Enquirer: 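Please read through the structure below; I'll follow up with questions.
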2 protein chains.
Amino acid sequence: MNFCSNCGGRVHLQVPTGDDRPRHVCQACGMVHYRNPLMVVGCIPQWEDRILLCRRNIEPRKGKWTLPAGYLENGETVIEGARRETWEEAGSRVADLAPYLLFDIVYVNQVYLMFRAQMETPDYCTTDESSEVALFHETEIPWHDIAFRVMEKTLARYFEDRSVGRYPFRIRQVTRARQ
Amino acid sequence: MNFCSNCGGRVHLQVPTGDDRPRHVCQACGMVHYRNPLMVVGCIPQWEDRILLCRRNIEPRKGKWTLPAGYLENGETVIEGARRETWEEAGSRVADLAPYLLFDIVYVNQVYLMFRAQMETPDYCTTDESSEVALFHETEIPWHDIAFRVMEKTLARYFEDRSVGRYPFRIRQVTRARQ
Ligand SMILES: [Zn+2]
Ligand SMILES: [Zn+2]
């Protein structure tokens, strides 16, 4: 951030009066510009005993498999956001969304909220964002080709919970991978 | 938003290629500036059978009572954020945070995540943000002087759940009050 979105003046990083951390402060109009974590919402779409995965058609991780998820938009609830992303990425309508996992991904300032969800019909399709969309049995999950660790963890937890038939809501963290 | 935070150029509201809704797009450098919901994290601090409330020392709703809560900051987990806010607003250290209620407040583009929490000691104090901080029995809650509807709903749900001894995680919505 270099300029003030309000007046176009230069911003400097400084600790505002009464605050305890540096913010981008406009040197012209004085406005303080905060930066806060973004929410990502998504789901595990389920049809009978299979779940729906999308093969990414865009970078990063183009060609890898993932669950439908994306940034929560202004003007929608978290459930509406997760349903919208599932429609946009997989062409699937989901219902009965149950909150399931929240991931803090502090090093990229993101909070993931993942739901379990039922597909309303077994319909889905490729989209601009997904070159392939398919239903997978547990034994068919492409574990070595999952796009993001948050999705790998979501899937692993899901099948673990499914084996005992209980899906408690949990908070977990994804930390930067060791080099 | 009037100016680009990257180059200082003018931004216009327009639908970027491949998008489906208007964004602030810089006419000089082309950068698309997204605006997304903010997360607020807070908790219900509990000491034995009492809970901790803060009387707001700042606008809006100065003089009204609330639970400690505030914007999630970059660089912290949702639990760290809720603990920090409780320390800053009530001078209380809390532990054992359990996710309890998520509120969509779409008309202000906020998502509230409220935890139940145990106070580590019965210590608390007034702060810059709170002119008074106190422990309340259920019968002492100042129901007509609660600052925000989201907090009123949180407290009502908490005492209802406490009466049956179960606190399932729930998602709820706060809609604009009828005029
Ligand atoms: Zn300015
Ligand atoms: Zn620009």
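Note: hydrogens, waters and symmetry copies are ignored here, and every other heavy atom, side chains too, is used. Per chain, numbering begins at 1; letters A, B, ... match sequence-line order. What you are looking at is a predicted structure, and each value in this text was computed from that prediction instead of being measured.
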Enquirer: Taking side chain as everything from C-beta outward and backbone as N, CA, C, O, which of these in Gln110(A) sits under 4.5 Å from a heavy atom of chain B? Side chain, backbone, both or neither.
Expert: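 Contact with chain B involves no heavy atom of Gln110(A) at all.
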
Enquirer: So that I can tick it off, tell me whether Glu120(A) and Arg83(A) are bridged by a salt bridge, with the cut-off set at under 4.0 angstrom between side-chain N and carboxylate O.
Expert: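 Yes.
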
Enquirer: If only atom types and distance count, is the side chain of Glu80(A) paired as donor or acceptor with the main-chain N or O of Thr77(A) below 3.5 Å?
Expert: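 Confirmed, Glu80(A) side chain pairs with Thr77(A) backbone.
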
Enquirer: Does Arg56(B) pair with Asp145(B) as a salt bridge, N-O distance under 4.0 Å?
Expert: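 Salt bridge: no.
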
Enquirer: Taking NZ, NE, NH1 and NH2 as the nitrogens, is one of them in Glu76(A) or Arg84(A) under 4.0 Å from a carboxylate oxygen of the other?
Expert: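 Answer for the salt bridge query: yes.
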
Enquirer: Any idea which of Asn109(A), Asp20(A), Ile105(A), Asp128(A) has the most non-hydrogen atom pairs under 4.5 angstrom with chain B?
Expert: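 Of Asn109(A), Asp20(A), Ile105(A), Asp128(A), Asn109(A) has the most heavy-atom pairs under 4.5 Å with chain B.
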
Enquirer: Any carboxylate oxygen within less than 4.0 angstrom of a Lys/Arg side-chain nitrogen, looking at Lys62(B) and Glu59(B)?
Expert: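 Glu59(B) and Lys62(B): not salt-bridged.
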
Enquirer: Among Glu73(A), Gln173(A), Arg170(A), single out the residue with the greatest number of heavy-atom pairs under 4.5 Å to chain B.
Expert: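 Among Glu73(A), Gln173(A), Arg170(A), the one with the most close pairs to chain B is Glu73(A).
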
Enquirer: Is it the backbone or the side chain of Ile171(B) that comes under 4.5 Å from a heavy atom of chain A, or both, or neither?
Expert: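 When you check distances to chain A, only side chain atoms of Ile171(B) fall under 4.5 Å.
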
Enquirer: Let me know if Arg172(A) has heavy atoms under 4.5 Å from chain B in its side chain, its backbone, both or neither.
Expert: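 Interface part for Arg172(A): neither.
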
Enquirer: Counting heavy-atom pairs under 4.5 Å to chain B, which of His24(A), Met1(A), Arg21(A) comes out on top?
Expert: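 Looking at each option in turn, the highest pair count goes to Arg21(A).
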
Enquirer: If you count heavy-atom pairs under 4.5 Å between each of Leu113(A), Val11(A), Asp104(A) and chain B, which one has the most?
Expert: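 Highest number of pairs under 4.5 Å: Asp104(A).
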
Enquirer: More than 12 foreign heavy atoms under 6.0 Å from CZ of Arg61(A): is that the case here?
Expert: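 Result for CZ/Arg61(A): open.
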
Enquirer: Nearest 0.5 Å please: distance from the CG atom of Leu101(A) over to the OH atom of Tyr167(A).
Expert: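 Reported value, rounded in 0.5 Å steps: 11.5 Å.
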
Enquirer: What residue in Ile79(A), Val111(A), Val108(A), Val78(A) has the most heavy-atom pairs under 4.5 Å with chain B?
Expert: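 Looking at each option in turn, the highest pair count goes to Val78(A).
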
Enquirer: Among Val106(A), Leu38(A), Leu102(A), who wins on heavy-atom pairs under 4.5 Å with chain B?
Expert: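 Option with the greatest count: Val106(A).
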
